[in-house]
There are 2 protein chains.
Amino acid sequence: MHKEHNLSKNQQIIFDLIDKSPEPLKAYTILFNVQKKGIKAPLQVYRALDKLVEIGKIHKIESRNAFIACHNSSCQVAKATAFSICEICEKVTEISSAGLSKYLANFKDKDGMKYSKYNLEFFGLCKKCR
Amino acid sequence: MHKEHNLSKNQQIIFDLIDKSPEPLKAYTILFNVQKKGIKAPLQVYRALDKLVEIGKIHKIESRNAFIACHNSSCQVAKATAFSICEICEKVTEISSAGLSKYLANFKDKDGMKYSKYNLEFFGLCKKCR
DNA sequence: TTATTAATGTTATATTATTACACAGCGTTA
DNA sequence: TAACGCTGTGTAATAATATAACATTAATAA
């Protein structure tokens with residue numbers, strides 16, 4: 001259904017790190033963690049992140065400037081993202097809700113703008129922190 | 001229905017600037033524009049912005065690191081924001097849709113997380129740019 | 001008045017992200 | 001094969017965004 005991307009060396013290193021992280025990672029945290037693998041400069045990280053976001057392997061949590069791996073079946077849906085964010089422990093979860101996706105994909109505003117993409121971030125308290 | 005906040009001097013200066021701007025303003029653009037009024041340091045701007053966001057007079061467009069004045073009736077709804085963003089001309093419009101607000105306010109995910117707030121950003125092409 | 005909270009002013013610094021330039025690898029195609 | 005386009009890499013420098021720390025003043029409440 002969707003194209004498999006062969007990740008380059010830097011992309012793979014950085015994806016692996018993000019993928020196994022239980023929490024969103026920031027660019028410079030990533031940089032620090034991959035320096036032992038030979039990635040030395042911010043730009044190397046940002047380039048890999050840009051590409052990974054573009055192909056839907058990771059998502060950026062805009063309100064946190066951090067990145068998490070996609071957990072929607074390898075992500076055909078990089079253009080329709082929704083997350084829940086706990087304001088205490090900062091746990092971030094990707095929301096997979098057919099109802100929500102459908103509602104938002106079909107949403108039309110009065111200005112007749114045509115949407116190709118959206119990002120939704122919910123904030124609140126997770127079970128543990130409540 | 002909602003409390004009127006008496007803005008402080010810096011808050012008022014910065015709110016006025018944002019309010020009369022047709023487009024979202026970035027913090028350092030604001031700083032540059034209010035230096036003639038005696039606001040000299042980034043922190044003075046950020047403090048005013050923080051407060052204005054907190055009381056709902058302005059919103060932050062997270063994907064753009066920029067700020068716009070609220071246009072939802074002086075904003076009782078700082079906790080439920082939705083915007084449309086044109087990816088070409090960067091025009092940003094606040095969406096007021098009772099249906100959308102209602103849908104999102106009532107949205108429950110499977111983890112039973114309780115949401116107190118959300119931010120939604122739609123991306124696409126506006127009428128002009130289509 | 002006194003205490004408390006909110007706002008200000010200032011310097012320095014931390015964090016996040018991009019520009020610019022040089023080059024390497026790979027597949028196409030002429 | 002050579003020339004080309006495309007993607008990715010490496011490196012240095014710098015731009016853009018945001019906060020920490022500390023001292024002071026203004027506004028509000030007790």
Side-chain angles (χ1 to χ4, degrees), chain A residues 3-18 21 23-68 78 85 87 90 92 119 121, chain B residues 3-18 21 23-68 78 85 87 90 92 119 121:
Chain A
K3 185 162 177 257
E4 271 307 326
H5 286 270
N6 297 313
L7 301 183
S8 73
K9 180 171 131 285
N10 288 0
Q11 288 160 14
Q12 190 69 57
I13 291 170
I14 286 170
F15 175 71
D16 287 345
L17 182 69
I18 295 172
S21 168
E23 63 193 6
L25 295 178
K26 298 183 154 238
Y28 277 73
T29 303
I30 292 169
L31 175 58
F32 179 79
N33 276 282
V34 296
Q35 277 178 333
K36 59 182 81 88
K37 305 222 161 143
I39 295 176
K40 291 174 194 153
L43 193 46
Q44 294 175 292
V45 173
Y46 281 105
R47 283 196 285 222
L49 290 174
D50 285 351
K51 188 67 182 184
L52 291 168
V53 166
E54 185 193 324
I55 65 181
K57 300 283 286 180
I58 65 173
H59 303 303
K60 182 172 187 179
I61 309 300
E62 293 287 355
S63 65
R64 300 299 187 258
N65 298 316
F67 300 84
I68 64 170
I85 303 171
E87 291 186 292
E90 290 290 326
V92 174
N119 180 55
E121 298 181 7
Chain B
K3 187 163 175 256
E4 271 307 327
H5 286 271
N6 297 314
L7 301 183
S8 72
K9 179 171 130 286
N10 289 0
Q11 289 159 13
Q12 190 69 55
I13 290 169
I14 287 170
F15 175 71
D16 287 345
L17 182 68
I18 296 171
S21 169
E23 63 194 4
L25 295 178
K26 299 182 153 242
Y28 278 72
T29 303
I30 293 168
L31 175 58
F32 179 80
N33 275 282
V34 296
Q35 278 178 332
K36 58 182 83 87
K37 304 220 163 144
I39 294 175
K40 291 174 193 154
L43 194 46
Q44 294 175 292
V45 173
Y46 280 105
R47 284 196 284 224
L49 290 173
D50 285 351
K51 187 67 182 183
L52 291 167
V53 166
E54 184 193 324
I55 64 180
K57 299 283 285 182
I58 65 174
H59 303 302
K60 182 173 188 179
I61 309 301
E62 292 287 354
S63 66
R64 300 298 187 258
N65 298 317
F67 300 84
I68 63 170
I85 303 172
E87 290 185 294
E90 290 290 325
V92 174
N119 180 55
E121 297 180 8

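Proteins get letters first, then strands, A, B, ... in listed order; numbering begins at 1 in each. The figures here come from the full heavy-atom set of this structure, side chains too, leaving out hydrogens, waters and symmetry mates.
Note on the helix from dT1(C)-dA30(D) to dA30(C)-dT1(D): angle between the axes of the first and last five pairs equals 30°, rounded to 10 degrees.
Pairs engaging residues 36-56 of chain B under the salt bridge (charged side-chain N to carboxylate O under 4.0 Å, His left out) rule: Lys51(B)-Glu54(B) [sequence neighbours left out]. Note on residues 7-16 of chain B: pairs passing side chain to side chain donor-acceptor pair (under 3.5 Å), not counting sequence neighbours, are Ser8(B)-Gln11(B), Gln12(B)-Asp16(B).
Gln11(B) comes within 4.0 angstrom of sugar-phosphate atoms only, judged by non-hydrogen atoms across all strands, and of no base.
Residues forming a side chain to side chain donor-acceptor pair (under 3.5 Å) with Ser63(B) (at least two apart in sequence, or on another chain): Glu121(B). Here Phe32(A) pairs with Gln35(A) under the side-chain contact (heavy atoms from CB on, under 4.5 Å) rule; sequence neighbours left out. Scored by the salt bridge (charged side-chain N to carboxylate O under 4.0 Å, His left out) test, Glu23(B) finds no partners at all (sequence neighbours excluded). In terms of the side chain to side chain donor-acceptor pair (under 3.5 Å) criterion, Glu87(A) has no residue partners (sequence neighbours excluded). Under the side chain to side chain donor-acceptor pair (under 3.5 Å) criterion, Ser21(A) pairs with no residue at all, not counting sequence neighbours.
Proximity of Ser8(A) to the phosphate of dT9(D): a side-chain N or O atom is located under 4.0 Å from OP1 or OP2. A sub-4.0 Å separation between OP1 or OP2 of dG10(D) and a side-chain N or O of Asn10(A) is present.
A heavy atom closer than 4.0 Å to some atom of DNA chain C occurs in no member of residues 33-41 of chain A.
Annotation: side chain of His59(B) is not in contact with side chain of Val53(B) (no heavy-atom distance under 4.5 Å). Considering only heavy atoms from C-beta on, Asn119(A) comes within 4.5 Å of Glu62(A) through its side chain. Using a 4.5 Å heavy-atom cutoff, the side chains of Phe67(A) and Ile18(A) are in contact.
Considering CG of Leu17(B) and CZ of Phe15(B), their distance stands at 11.0 Å, rounded to 0.5 Å. From Ile61(B), atom CD1 reaches atom CD1 of Ile85(B) across 5.5 Å, with rounding to the nearest 0.5 Å.
Bracketed by its first and final contacts, the part of DNA chain C lying under 4.0 Å from non-hydrogen atoms of chain A reaches from dT16(C) to dA20(C) in 5' to 3' order.
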**Study point:** Protein proximity profile, nucleotides 15-24 of chain D - base contact B, sugar-phosphate-only contact S, no contact -, cut-off 4.0 Å on heavy atoms
**Key:** --BBBBB---
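Straight-line distance from the CD atom of Gln12(A) to the P atom of dG8(D): 13 Å, rounded to whole Å.
When each of Val45(B), Asn33(B), Leu7(B) is paired with Ile14(B), the side-chain contact (heavy atoms from CB on, under 4.5 Å) condition holds for Val45(B) and for no other.
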